[in-house]
Number of protein chains: 2
Amino acid sequence: MSSTVAKALTLLDHFSENEPELGLSDLARRSGIDKATVHRMLSVMADAGLVEQRHDTKLYRLGAGILRLARIREKAFPFATVLQPELDLLAQETGETAHASLISGRALATVGICESSKANRVSLVVGEVLPFHATASGIATLAFGTEELSARVLAGPLDGKTSFTLTDPGRLNALIETARQTGFGETDQTNEIDVYGIAAPYFDKTGLACGAVAVATPSHRMTEALRGKIVGAVLRAAQVITSGTGGKQPAGYPETVRKTLSSLPEGSA
Amino acid sequence: MSSTVAKALTLLDHFSENEPELGLSDLARRSGIDKATVHRMLSVMADAGLVEQRHDTKLYRLGAGILRLARIREKAFPFATVLQPELDLLAQETGETAHASLISGRALATVGICESSKANRVSLVVGEVLPFHATASGIATLAFGTEELSARVLAGPLDGKTSFTLTDPGRLNALIETARQTGFGETDQTNEIDVYGIAAPYFDKTGLACGAVAVATPSHRMTEALRGKIVGAVLRAAQVITSGTGGKQPAGYPETVRKTLSSLPEGSA
DNA sequence: CCCTCTGGTTCATTATTGTCAACAGTAGTT
DNA sequence: AACTACTGTTGACAATAATGAACCAGAGGG
């Protein structure tokens, strides 16, 4: 992990909706890299258009080049666009916050959000990167992703985000196995306190999971009935997204889903 | 320009709408970098989520992390979203292809396009990076951008894209000066044969040009009347975009525009 | 006026990187 | 089957580019 470009690219991770503009020293402190180094990195990234510096405040922010790249990606492989309507529907059906993510290197990138209309809801920071091991989306993705990916995650560091986070590879693997049986991932407060997550994977054209769509609920509000409703809705949404993006469910998955749905209390799609 | 991250980031420039997926050797050949080096670069960029490799074809494409970053950028500084409707209107008004770009390092990044409905129209490749010195958008942006930027462009290499391209710094500077007088940039076949461009700059909140909106027409179709219509429409669109994105026109600019508009033949906004 | 922030720059040391070669796998041809 | 030509991938060594402490200059604040 000591490659120069890797270090340079981690700088991008510190930008978020809440802090879209960051100063040089600030960025250096957070990343633990020397000021001079950060300055050089930002300079070349500015040249490439990935970031840009405001001439008045000297602060750095994400650049216009990113918009350009995103346009190419979306034009060639529409995802966010076909995904958003389905997210909106999902949030409306369940009454809770829905979001979707894609595998992005060693983590999950949030590529779509639709917040619940309830006053008490789970609110997500746009653009946050989600760890695999502590989120329902991550579990769901790992359960149906490549063997290599889950091995890498199980091997890598498992940060304890909350006291509920599974940091033991064995127990984490058991959770993934459960998801593999049921067809969806489920976690309670493993990434953030008082957040209950239920997520279903969607697949690329080779039948491998490339991300997950999830619904996040305040833990105390979760009931058996709501859980059933969400599971059904999430599984349905994932199927629509899979086919809508040219994906294909792997062998056996439809049966898994059917079995899971029939075991739910009642009232689902 | 021999920084490692710079070289790594140039790899991203080879992706376009036409070629959204590229192989390792192919990428190495185009960039002139050794295969092994490219492989390492792509690996770390894949880790960061900027690119991703398909497990079946081994080809690389732009990754999901870019979508995430674009979301942050758009959420914090909405541009593409507020821009697109105005582009559509502009294309409809003029009957020609309209596009908009932003300063992105050493070049302009195309961040929005609306193609003409005419059969014979100028068609743009989505996601292309435009050189400053050979495009109307570039001239317009330079004319009202920082002194430092135009100096850098005038100093840098001025590739002859066509036989009409101004490769002489002196003559190029004169063209920029003209744009500064009239308030808009104008080029004929300097970037591509048979393409006539007219572009007006929009400004950030400090009154500096941060990009331009342009209309591209087949050269042979250009007439004095059409030219007048386009100039008026482009100037108006740029003003709307400027205010719509929280920008501010620099001192004296409104008068420049007014003077230009009054000298046009007739029939403009 | 001093102190402490900020962004930016310099330069000798050292570790990262580029290079080149070989390797493995696939597809097409002979 | 063997040969070719092409992939993507990995290793080792020489050379280059990254590093980080110290240093500037400027902006506030007390």
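Throughout, a chain's letter reflects where its sequence line sits, starting with A, and its residues are numbered from 1.
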Could you say whether A/D34 or B/D34 is positioned toward the 5' end of DNA chain C, judged by the nucleotide with the nearest heavy atom to each? A/D34
Taking only side-chain nitrogens and oxygens of B/S25, does any of them come within less than 4.0 Å of OP1 or OP2 of D/dG8? yes
d(B/L27 CG, B/L42 CG) to nearest 0.5 Å is 5.5 Å
Distance check needed: C/dG8 P versus A/D26 CG, whole Å only. 14 Å
C/dT17 phosphate, OP1 or OP2, under 4.0 Å from B/R40 side-chain N/O: no
Give a yes/no answer on whether the side chain of B/R29 brings an N or O atom under 4.0 Å of OP1 or OP2 in D/dT7. yes
Looking only at C/dT9, C/dG18, C/dT19, the nucleotide nearest the A/H39 side chain is C/dT9
Angle between ring planes, B/F203 versus B/Y253, binned at 30° and 60°: parallel, tilted or perpendicular? perpendicular
Presence of A/Y60 side-chain N/O under 4.0 Å of C/dT6 phosphate oxygens OP1/OP2: no
Side-chain donor or acceptor of A/E74 paired with backbone N/O of A/F79 under 3.5 Å: yes
Just the rounded figure in Å: distance from C1' of D/dT9 to NZ of B/K58. 9 Å
Between NZ of B/K35 and P of C/dA24 the distance, given in whole Å, is 14 Å
Are side-chain N/O atoms of A/D204 and B/H55 paired as donor and acceptor at under 3.5 Å? yes
With a cut-off of less than 4.0 Å, is there a side-chain N or O of A/K7 near OP1 or OP2 of D/dT19? yes
Return the value, rounded to whole Å, for the distance between atom CG of B/D56 and atom P of C/dT26. 14 Å
For residues 136-150 of chain A, please give each side-chain donor-acceptor pair under 3.5 Å, one per line with the distance, not counting sequence neighbours.
from: A/T141; atom 1: OG1; to: A/S137; atom 2: O; distance (Å): 2.7
from: A/T146; atom 1: OG1; to: A/L149; atom 2: N; distance (Å): 3.0
from: A/S150; atom 1: OG; to: A/E147; atom 2: O; distance (Å): 3.0

From the candidates D/dG20, C/dG7, C/dC20, the one with an atom nearest any side-chain atom of A/T37 is D/dG20
Could you give the CG-to-C1' distance, from B/L11 to C/dG18, as a whole number of Å? 14 Å
Could you check how far CD1 of B/I33 sits from P of C/dT16, rounded to whole Å? 20 Å
Take the protein atom CG of A/L42 and the nucleotide atom P of C/dG7, then report the distance between them rounded to whole Å. 10 Å
To the nearest angstrom, the CE-C1' distance between B/M41 and D/dA18 comes to 13 Å
Check whether any side-chain nitrogen or oxygen of A/Q53 sits under 4.0 Å from OP1 or OP2 of C/dG8, and answer yes or no. yes
Between B/T4 and C/dT16, is there a contact of a side-chain N or O with OP1 or OP2 at under 4.0 Å? no
